[in-house]
Number of protein chains: 4
Amino acid sequence: MVRVGIINVTGYMGAEAARILHGHPGVEIASVTGRSEAGKPLGEVFPHLAPLGLQVEKELGDVDAVISALPHGASAERLAPYIKRGLPVVDLSSDFRLKDAKEYERFHGPHPAPELLSQAVFGIPELHRDEISNAKLVANAGCHAAAAILGFAPAVQAGLVDGDIVVDSKTGLSGAGRSLKLGSHFSETNESVSAYGFDGHYQQPEMTQELGALWEAPAPRIAFVPHLVPITRGILATAYAAPREGTNGTPTEKLRKLYQEFYADSPFVQVADAPPSTKQTVGSNRCLVYPTYNEEAGRFIIVSCLDNLGKGGASGGVQCLNLMLGLPETAGLEGLALYP
Amino acid sequence: MVRVGIINVTGYMGAEAARILHGHPGVEIASVTGRSEAGKPLGEVFPHLAPLGLQVEKELGDVDAVISALPHGASAERLAPYIKRGLPVVDLSSDFRLKDAKEYERFHGPHPAPELLSQAVFGIPELHRDEISNAKLVANAGCHAAAAILGFAPAVQAGLVDGDIVVDSKTGLSGAGRSLKLGSHFSETNESVSAYGFDGHYQQPEMTQELGALWEAPAPRIAFVPHLVPITRGILATAYAAPREGTNGTPTEKLRKLYQEFYADSPFVQVADAPPSTKQTVGSNRCLVYPTYNEEAGRFIIVSCLDNLGKGGASGGVQCLNLMLGLPETAGLEGLALYP
Amino acid sequence: MVRVGIINVTGYMGAEAARILHGHPGVEIASVTGRSEAGKPLGEVFPHLAPLGLQVEKELGDVDAVISALPHGASAERLAPYIKRGLPVVDLSSDFRLKDAKEYERFHGPHPAPELLSQAVFGIPELHRDEISNAKLVANAGCHAAAAILGFAPAVQAGLVDGDIVVDSKTGLSGAGRSLKLGSHFSETNESVSAYGFDGHYQQPEMTQELGALWEAPAPRIAFVPHLVPITRGILATAYAAPREGTNGTPTEKLRKLYQEFYADSPFVQVADAPPSTKQTVGSNRCLVYPTYNEEAGRFIIVSCLDNLGKGGASGGVQCLNLMLGLPETAGLEGLALYP
Amino acid sequence: MVRVGIINVTGYMGAEAARILHGHPGVEIASVTGRSEAGKPLGEVFPHLAPLGLQVEKELGDVDAVISALPHGASAERLAPYIKRGLPVVDLSSDFRLKDAKEYERFHGPHPAPELLSQAVFGIPELHRDEISNAKLVANAGCHAAAAILGFAPAVQAGLVDGDIVVDSKTGLSGAGRSLKLGSHFSETNESVSAYGFDGHYQQPEMTQELGALWEAPAPRIAFVPHLVPITRGILATAYAAPREGTNGTPTEKLRKLYQEFYADSPFVQVADAPPSTKQTVGSNRCLVYPTYNEEAGRFIIVSCLDNLGKGGASGGVQCLNLMLGLPETAGLEGLALYP
């Protein structure tokens with residue numbers, strides 16, 4: 001059994017990592033940390049994790065691999081020693097996702113460990129399975145980015161679309177974390193929908209980087225607007241793009257075949273037969289993709305959805321960890337979505 | 001007092017019309033009908049309407065004006081006699097919205113009364129105030145269409161945008177009505193987001209017709225995808241378009257000024273200072289519009305929101321009725337949104 | 001027009017008071033205060049109140065009457081000068097509800113102005129209409145207490161029930177206010193139900209005091225457990241009591257008649273024909289009461305519901321204010337519930 | 001591997017049984033049936049179950065054990081042949097729960113197979129572990145009944161309480177099933193709380209039977225009122241009872257110890273340290289119990305919660321099946337609740 005440590009288990013992402021690893025056949029949770037709650041039984045912070053019988057610690061004990069659920073900035077700093085020792089590390093924060101430290105800086109200020117960026121692999125196994133298998137540092141994709149990239153990658157790689165993509169993403173509140181803010185206050189957000197991120201959102205360059213790598217120059221221009229909807233878990237991204245200049249689009253049936261082939265060896269991405277709903281993915285590591293081409297509008301319209309704490313977060317990270325550890329990609333991740 | 005009749009008061013739209021007219025200073029509810037519930041006290045069907053002391057009838061009694069909340073098809077048929085008699089009629093269904101009966105037919109089958117189409121005015125006072133004031137038949141805008149049109153009309157009229165618009169709209173469940181269907185079943189829709197309308201949605205031509213009329217040829221191509229979010233009331237439309245060819249976009253501040261001028265005399269449309277939320281409009285006749293131009297993406301991104309039973313439905317219809325009856329446009333509609 | 005000031009308009013209760021007074025025919029909002037937001041336009045704090053065109057001030061300007069939406073403790077202190085000047089004052093906090101300062105102290109610490117307690121009238125017009133009409137200081141009932149008292153008062157006054165009452169109350173999140181706390185965080189409370197108040201709840205003595213006053217000695221013993229349910233507005237209280245010793249209960253039909261008579265002159269309390277739901281009261285000043293006697297269990301089971309910001313809060317306070325000002329009891333309160 | 005068949009997999013309860021058995025180490029799903037959907041891939045009816053690769057059939061194929069998720073009436077009829085053949089059968093319906101066919105008849109009409117009632121064991125392993133282990137027919141407890149019984153059993157068995165118990169239960173909508181009805185329509189139930197069951201509820205005699213068996217004569221009188229709250233999964237029951245005549249109640253600390261001992265060997269029932277919430281149990285087989293004695297009110301107040309499709313339904317049924325098959329009680333049920 002590989003002994004895994006979870007840094008910052010007291011947020012939603014870290015708690016979900018613990019929940020998933022609890023049922024993992026090849027991994028045991030050796031140690032968990034949490035800043036303000038150190039010293040408490042984990043079950044006091046999160047009663048649903050009481051059966052794990054763990055104590056929240058200040059520092060990780062002896063571990064073979066690390067998952068960090070810290071916020072950006074703090075994560076890179078805390079992970080640096082483990083990375084330098086060569087331990088397999090999965091970072092769920094945005095610290096190691098972008099190759100270009102300047103892009104990071106636009107959103108988060110100076111990068112805390114730019115010298116480590118070159119080692120990091122972007123954590124979408126469906127695009128980078130081999131690199132992840134050989135990596136020691138994997139930067140799990142952002143939740144919106146994961147949905148959008150899995151949604152458009154096959155069309156982009158096949159050269160079907162124009163460089164301008166609109167990504168309209170809808171997310172639940174757990175993505176905003178457990179820290180208190182008016183924007184996560186029940187009475188403000190319940191029964192309401194709103195858009196945010198008009199000054200730019202840090203996951204937009206993740207999409208540009210990953211889709212751009214599948215594309216001939218120039219890089220795509222992505223108009224990304226995240227929206228808050230009153231659900232706890234789930235992201236649904238609807239992405240729109242015109243056909244590449246000089247082409248006439250691609251009939252939906254043909255597009256679906258292309259997608260099915262692209263994801264044929266990816267057990268967690270499914271080309272849906274009908275427009276999917278986020279609820280069909282809750283608590284699981286699945287991403288449902290629904291690719292269409294709309295003749296009348298002359299646009300590709302592609303819907304993708306996942307659980308932001310699942311495939312777009314903690315379970316996506318475990319999928320990467322499985323590859324890094326040489327375990328079956330699906331180990332510990334076979335659970336079905338909780339529906340309804 | 002003008003005696004108004006409401007046809008099909010037993011759906012959500014009709015019930016909301018009754019709620020609003022209850023507080024209207026120049027109108028009284030003379031008669032209400034409902035197919036299956038005829039003969040019952042209205043308060044038995046909808047306890048919140050019990051104070052109105054009305055009986056659901058099979059046919060309208062003697063009235064001076066009519067609001068129909070019937071579904072399409074049924075509405076035109078039932079309204080025809082009143083229209084022919086020259087009574088002021090507001091139709092909340094989609095029967096009289098499109099000038100072109102062929103467009104209607106694409107979605108709903110043969111039009112039940114095509115000979116009446118030429119009399120109908122599209123019910124958005126912010127674009128057609130004078131025509132509505134002189135009309136006997138007003139076809140209230142669809143809820144998605146109202147949001148999208150109010151959101152993009154100023155930019156389109158000013159010639160700022162390209163002909164291709166993406167409208168990504170998010171709607172609550174009340175828009176799907178009170179009839180039972182799996183898609184409105186609580187356990188299926190709660191905690192979930194999904195997209196629908198991939199075979200085309202009847203409100204897309206409403207947008208094309210109304211925005212196209214503000215535009216030089218050719219008509220805009222609109223990619224419209226409605227989404228279901230787990231709220232009862234509210235629509236938020238996020239619309240995206242590139243700047244007109246040969247132009248470089250419009251700074252957001254300049255755009256905001258343009259919008260403020262466009263809506264200067266429209267008491268129910270407000271240019272929001274911050275990204276608005278549907279909750280800020282619930283139960284009211286307001287539409288909040290948030291226009292931006294995103295330099296990096298090279299796109300206009302415009303958010304608009306309203307209550308689908310309010311400005312996008314029953315209270316929007318009452319606003320039209322006020323104009324038709326020569327009453328102040330705001331009569332009975334001054335109520336503020338119910339927040340939180 | 002009576003010039004009313006609202007203290008602490010920046011919480012949910014104060015904002016709701018402003019919303020209601022906006023449509024009030026005999027009152028104008030002269031001045032509104034809010035601690036941390038002083039100096040801002042009210043529409044910046046609450047966009048739905050933008051049409052009021054008010055500025056949040058530090059201190060009330062010149063007013064004829066005052067509504068306080070401050071929390072307990074702060075409210076009494078701030079209101080004392082107005083009370084001493086003899087202005088009509090409605091306090092929505094719990095500061096002046098209990099006759100016995102010692103009971104207050106059990107929950108909130110030493111009372112800030114015990115010398116004023118004797119002037120205060122408990123703000124349930126259905127029980128104290130005349131006293132309220134003659135009062136200068138009215139302490140609006142707590143939201144749970146209002147529901148429970150209106151639910152059981154007729155049975156208690158008629159001497160039908162035993163001294164032991166169970167009140168199981170379910171409340172929405174707006175009752176917990178706008179201050180940030182984990183217990184109001186969306187992801188924690190959404191899709192969840194929990195009980196609270198096991199160390200005692202300050203509204204229990206309100207029930208004991210008010211029902212006890214309708215009762216022969218000894219005072220009733222009330223087991224009160226509030227529950228949090230994931231709705232924004234609404235309280236539903238289900239109360240249970242055995243028949244008075246030596247009696248055999250009261251058939252439901254007879255009980256209903258008793259209730260109808262009790263509330264015959266109370267326009268805002270309605271004896272419901274079917275089990276009511278909180279949604280039938282949202283945004284209104286109505287309380288729905290459903291009294292039953294269960295033969296098999298040998299218990300009165302009485303359900304009552306209202307909007308905690310409405311009849312159980314701000315609009316209930318306006319009802320009291322109307323009486324104090326000699327205005328019609330229903331002035332500004334005719335609006336129907338927002339359904340669905 | 002034991003080959004299990006699920007009858008009526010196309011409802012929520014049957015689908016949840018399939019989800020749970022998917023991860024079960026000692027059982028495989030051999031066959032699933034569904035009335036109207038026979039012939040379809042299960043993944044078409046429930047996309048989250050697509051990975052199971054099952055077909056919905058009209059009749060079960062060859063199986064070693066059966067779980068029925070049919071509604072009452074239909075269930076007994078369909079199960080009779082399997083019961084007669086001696087196959088291990090778990091019935092999730094209410095058909096075999098009551099020993100007394102007359103009690104059944106009060107709610108559901110004549111019992112379809114009264115001759116089989118004597119073989120059935122009531123499916124609460126925490127009370128009937130040995131009988132279940134030796135049974136061929138187990139009638140899984142109703143969801144409200146499971147919560148209430150697990151909540152009060154230790155106190156009743158210890159002789160602490162009076163014969164009159166109030167059970168105020170709050171349930172999510174999935175308990176009402178997947179069949180369409182106005183009471184499960186999103187816009188009617190969202191943002192609302194209501195009580196139901198005033199003509200009697202069929203799970204009340206389950207409580208009376210099971211708690212009565214732990215009690216000296218006479219049987220307890222239970223006033224049971226179920227409430228609908230807008231969540232999908234979860235039941236929270238709050239139960240109230242006075243101390244047995246002549247006693248003075250039991251301090252909470254002592255009561256907690258009693259409960260901890262009672263459930264010491266029951267891995268799925270946990271005595272909670274703080275008032276629990278339904279969300280802490282979602283998707284799991286856990287029941288959280290919070291026993292208190294309120295000195296001031298002179299009442300035991302006991303809160304218990306579980307997932308109505310989990311411990312109160314499908315996973316509770318799997319727990320029974322494990323015992324019947326001689327498998328570890330916890331097999332396939334170790335999954336933690338999905339939180340948040």
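Lettering of chains follows the sequences in order, A, B, ..., and the numbering in each one begins at 1.
The most heavy-atom pairs under 4.5 Å with chain D, out of B:G177, B:P230, B:A176, come from B:P230.
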Let me see the donor-acceptor pairs closer than 3.5 Å between chain D and chain B, or none if nothing turns up.
| unit_1 | atom_1 | unit_2 | atom_2 | d |
| --- | --- | --- | --- | --- |
| D:Y12 | OH | B:E188 | OE2 | 2.5 |
| D:S174 | N | B:S187 | OG | 3.4 |
| D:G177 | O | B:H185 | NE2 | 2.9 |
| D:R178 | NE | B:E188 | OE2 | 2.8 |
| D:R178 | NH2 | B:E188 | OE1 | 3.4 |
| D:R178 | NH2 | B:E188 | OE2 | 3.4 |
| D:S184 | O | B:F186 | N | 2.7 |
| D:H185 | NE2 | B:G177 | O | 2.9 |
| D:F186 | N | B:S184 | O | 2.7 |
| D:S187 | OG | B:S174 | N | 3.3 |
| D:E188 | OE1 | B:R178 | NH2 | 3.4 |
| D:E188 | OE2 | B:Y12 | OH | 2.5 |
| D:E188 | OE2 | B:R178 | NE | 2.8 |
| D:E188 | OE2 | B:R178 | NH2 | 3.4 |
| D:N190 | ND2 | B:T232 | OG1 | 2.9 |
| D:T232 | OG1 | B:N190 | ND2 | 2.9 |

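When the ring-ring contact (aromatic ring centres under 6.0 Å, His included) test is applied to D:F186, the partners found at least two apart in sequence or on another chain are B:F186.
The side-chain heavy atoms of D:L21 and D:I67, taken from C-beta on, include a pair separated by under 4.5 Å. A heavy-atom distance below 4.5 Å is not found between the side chains of B:L54 and B:V56. Taking 4.5 Å as the limit, every side-chain heavy atom of B:L228 sits out of range of all side-chain heavy atoms of B:V193.
For the side chain to side chain contact (heavy atoms under 4.5 Å, CB included) with B:C143, the qualifying choice from B:L309, B:L92, B:I235 is B:I235, the only one to do so.
Across every non-hydrogen atom of D:L79 and D:V66, the tightest pair is CD2-CG1, 3.7 Å.
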